[in-house]
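Read the structure below first, then the notes.
Values below: all heavy atoms of this structure, side chains included; hydrogens, waters and symmetry mates excluded. Chain letters run A, B, ... following the sequence lines, proteins first and then strands; every chain starts at 1.
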Protein chains: 2
Amino acid sequence: MDNLEKEKQKLIEMFGIHFETHHNLPPLASRIFGTLILNCRIKGLTFEELVEITNASKSSVSTNINLLLKLEKINYYTLPGDRRKHFRPSNLSDRIKNHLKILNSEVQICDKIREFDEQFKLSADYEKGQQILAVYLEYAKDFEKLLQDAIAKINEIENNNSTS
Amino acid sequence: MDNLEKEKQKLIEMFGIHFETHHNLPPLASRIFGTLILNCRIKGLTFEELVEITNASKSSVSTNINLLLKLEKINYYTLPGDRRKHFRPSNLSDRIKNHLKILNSEVQICDKIREFDEQFKLSADYEKGQQILAVYLEYAKDFEKLLQDAIAKINEIENNNSTS
DNA sequence: CGGTTGGTTCGGTTGAAAACGAACCAATAG
DNA sequence: CTATTGGTTCGTTTTCAACCGAACCAACCG
């Protein structure tokens, strides 16, 4: 199983970079998240196990777990007669919702630019600028629909034959 | 024109926050980018002017301009008999291409997970996991097409009645 | 050649983010 | 009640990104 471990390490590394750069997560949070996705998507891992695996301090792990919980990237469940929390990645659809947030922020920006241009009409390329913004906004609308479709489909799969 | 300046400042501020959080740009780079978009989308601004407007040091402006160039968020042109570079935001389609990069990174990750699952089949939820990944990959494919359409349309507008 | 302009490079400073250890709390077990 | 387990909080240290000034380079001008 040496091979498996190596493969896992490589992937977790990849995850780290991806989440740090594209989703703005702190390094340890990224590694925790990657670890959960690769190791135990259903069963989850306990706090203790995470401390062990990531080789970080309890306090750091605690802080970063709470961050991931707040961002809804992970969630946890407990078993009767066991105080430990079992952490696991939240479902994909929750995570895709993040794209929607970014998109909305982007649309807002475009609207603001449009208003600004409209109001002051000072750029030489006023007409063209408006056209391009219009295309972008249209694209954004399509994108939004696409995202919502994907979320719906995934929810269906995840809830239909629900585990947990 | 006091009103205009105020409006501009507010927008640049907004831009700053958006680009810092969603695109991982350093603060100064965000402000430079925002300034260029709002001030002079066609004419552009020179290095000197940017130093003046942003009120930052030459070195910082230099560093951040080069970052924006590397990320293809801006470009520059020169005029014969004038050594100065005129910086301006690159066209929207180039910037949208950035989304494609992120998307590709995400698809790669999914593929890796799928391979990993396939190879080791150790998670209890193997079947379901594969289904969800499939939906996600399908969604990614649709998204990609959408992006390329948008890019094509924008290119058409920008090149048809080409300025610069 | 020397001076000016346009811009880059390099070493140092600084403030915020990230990680840590130790003390602490709350729940349960014995 | 005491001991243990599971986890949080708090104050401190460490690390690193962002910015700066000063020196430097390269091109052109006279």
To the nearest angstrom, the CD1-C1' distance between B/I65 and C/dT9 comes to 15 Å
Among the candidates D/dC19, C/dG7, C/dT8, find the nucleotide nearest to the side-chain atoms of B/R31. D/dC19
Working note: B/K112 + A/M14, criterion side chain to side chain contact (heavy atoms under 4.5 Å, CB included); need CA distance, chi angles, decisive distance, verdict. CA-CA 10 Å; B/K112 291 281 176 194; A/M14 251 188 87; 4.1 Å; yes
Would you mind reading off the distance between B/L25 atom CG and D/dA17 atom C1', rounded to a whole angstrom? 14 Å
May I ask you to check whether over 12 heavy atoms, not counting those of A/Q148, lie within 6.0 Å of atom CD? yes
Using a cut-off of 4.0 Å on non-hydrogen atoms, how would the nucleic acid contact of A/K58 be classed: base, sugar-phosphate, or nothing? base
With rounding to the nearest 0.5 angstrom, report the CD1 to CD1 distance, A/I12 to A/I37. 10.0 Å
Can you tell me how far C1' of D/dC19 sits from CG of B/L67, to the nearest Å? 14 Å
How many whole angstroms separate atom CZ of B/F47 from atom P of C/dT9? 11 Å
Just checking A/R83: base, sugar-phosphate only, or nothing, at a heavy-atom cut-off of under 4.0 Å? base
A/K85 has an atom NZ; how far is it from atom C1' of C/dA27, in whole Å? 12 Å
Please report, rounded to the nearest Å, how far the C1' atom of D/dG7 is from the CD atom of A/E49. 15 Å
May I have the distance from B/D82 (atom CG) to D/dA27 (atom P), rounded to whole angstrom? 16 Å
Using the six-membered ring wherever Trp is involved, compare the ring planes of A/H18 and A/H23 and label them parallel, tilted or perpendicular (cut-offs 30° and 60°). tilted
Given C/dG6, D/dC19, C/dT9, which nucleotide is nearest the side-chain atoms of B/S59? C/dT9
Within this structure, what is the CG-to-P distance between B/L28 and C/dT14, rounded to whole angstrom? 19 Å
Which nucleotide in the list D/dC19, C/dA18, D/dT8 gets nearest to the side chain of A/P26? C/dA18
Contact nearer the 5' end of DNA chain D, comparing A/T63 with A/R84: A/R84
Residues, nucleotides or ligands: over 12 heavy atoms within 6.0 Å of A/Y76 OH: no
Looking at the base of C/dG7, is there any donor atom on it, or on the side chain of B/S62, that sits under 3.5 Å from an acceptor on the other one? no
Of the options D/dC19, C/dT8, D/dT8, whose atoms approach the side-chain atoms of B/N64 most closely? D/dC19
If you check the B/S60 side chain, which of D/dA18, D/dC20, C/dA19 turns out closest? D/dC20
The residue, A/A29 or A/G81, whose nearest nucleotide of DNA chain C is more 5′ is A/A29
